[in-house]
Amino acid sequence: QVQLVESGGGLVQAGGSLRLSCAASGRTFSSYGMGWFRRAPGKEREFVAAASATGRTTSYADSVKGRFTISRDNAKNTVYLQMNSLKLEDTAVYYCAARTRATVGTDGREFGYWGQGTQVTVSS
């Protein structure tokens, strides 16, 4: 069983930066692939970024490529999402997710553990 707790969301102006953190419980964090997803008001949940268990392999949605960076610190059981050059359309609730496979995953259905989400609001 893995419990995930996100933090770091908030209100930021367009062009600004935020770093989200996701703290995981359990001894198997280092063997799990991790991902970040988001759900904007009135829209479906969408993939944002993912990292393999080691963190050496990552994947990004086209909409955030070059602006967001996913990383993880397995010693701290934590995965991060550094978000730079934020745009109004990045406003959403951001969710951290874990899957029991070590490889990168981009389909939310492959993730069995989810955090409660953290709100990110980008203002003009």
More than 12 heavy atoms of other residues, nucleotides or ligands under 6.0 Å from [atom1] of [X]: is that the case?
X     : atom1 : value
Gln3  : CD    : no
Lys65 : NZ    : yes
Arg67 : CZ    : yes

For the atom pair [atom1] ([X]) and [atom2] ([Y]), what is the distance rounded to the nearest 0.5 Å?
X      : Y      : atom1 : atom2 : value
Asp73  : Ser30  : CG    : OG    : 11.0 Å
Tyr113 : Met34  : OH    : CE    : 11.5 Å
Thr91  : Gln119 : OG1   : CD    : 7.5 Å
Ile70  : Thr57  : CD1   : OG1   : 11.5 Å

Kindly work out whether a path of hydrophobic side-chain contacts (I/L/V/M/F/W/Y, heavy atoms less than 4.5 Å apart) joins [X] to [Y].
X      : Y      : value
Val104 : Val64  : no
Leu4   : Trp114 : no
Phe111 : Val93  : yes

(request) Tell me, with the steps shown, if Thr103 and Arg99 meet side chain to side chain donor-acceptor pair (under 3.5 Å). (result) CA-CA 9 Å; Thr103 52; Arg99 67 184 209 143; 2.7 Å; yes

(request) Cation-pi check, Arg72 to Tyr32: give yes when NZ or CZ is under 6.0 Å from the six-membered ring centre and within 45° of the ring axis, no otherwise. (result) no

Taking every non-hydrogen atom, the tightest pair across [X] and [Y]:
X      : Y      : answer
Asp107 : Arg109 : OD2-NH2, 2.7 Å
Trp36  : Tyr80  : NE1-O, 3.4 Å
Tyr95  : Gly115 : CD2-O, 3.7 Å
Asn84  : Ser17  : OD1-OG, 2.9 Å
Ser25  : Val2   : O-CG1, 3.8 Å
Leu88  : Ser124 : CD2-N, 3.5 Å

(request) State, yes or no, whether a side-chain contact exists between Met83 and Leu20 at a heavy-atom distance under 4.5 Å. (result) yes

(request) Compare all side-chain heavy atoms of Arg38 with those of Ser63 and state whether any distance is below 4.5 angstrom. (result)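 The answer is yes, as the side chains (C-beta and beyond) meet within the 4.5 Å cut-off.
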
(request) Check the angle between the aromatic planes of Phe68 and Tyr94 and answer parallel, tilted or perpendicular using the 30° and 60° thresholds. (result) tilted

(message) Given 3.5 Å as the limit, does a donor-acceptor pair link the side chain of Asn77 with the main chain of Gly26, or not?
(response)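 Yes.
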
(request) Please check if the side chain of Gln116 supplies one atom and the backbone of Val5 the other of a donor-acceptor pair under 3.5 Å. (result)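 Pair absent, no side-chain N/O of Gln116 close to backbone of Val5.
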
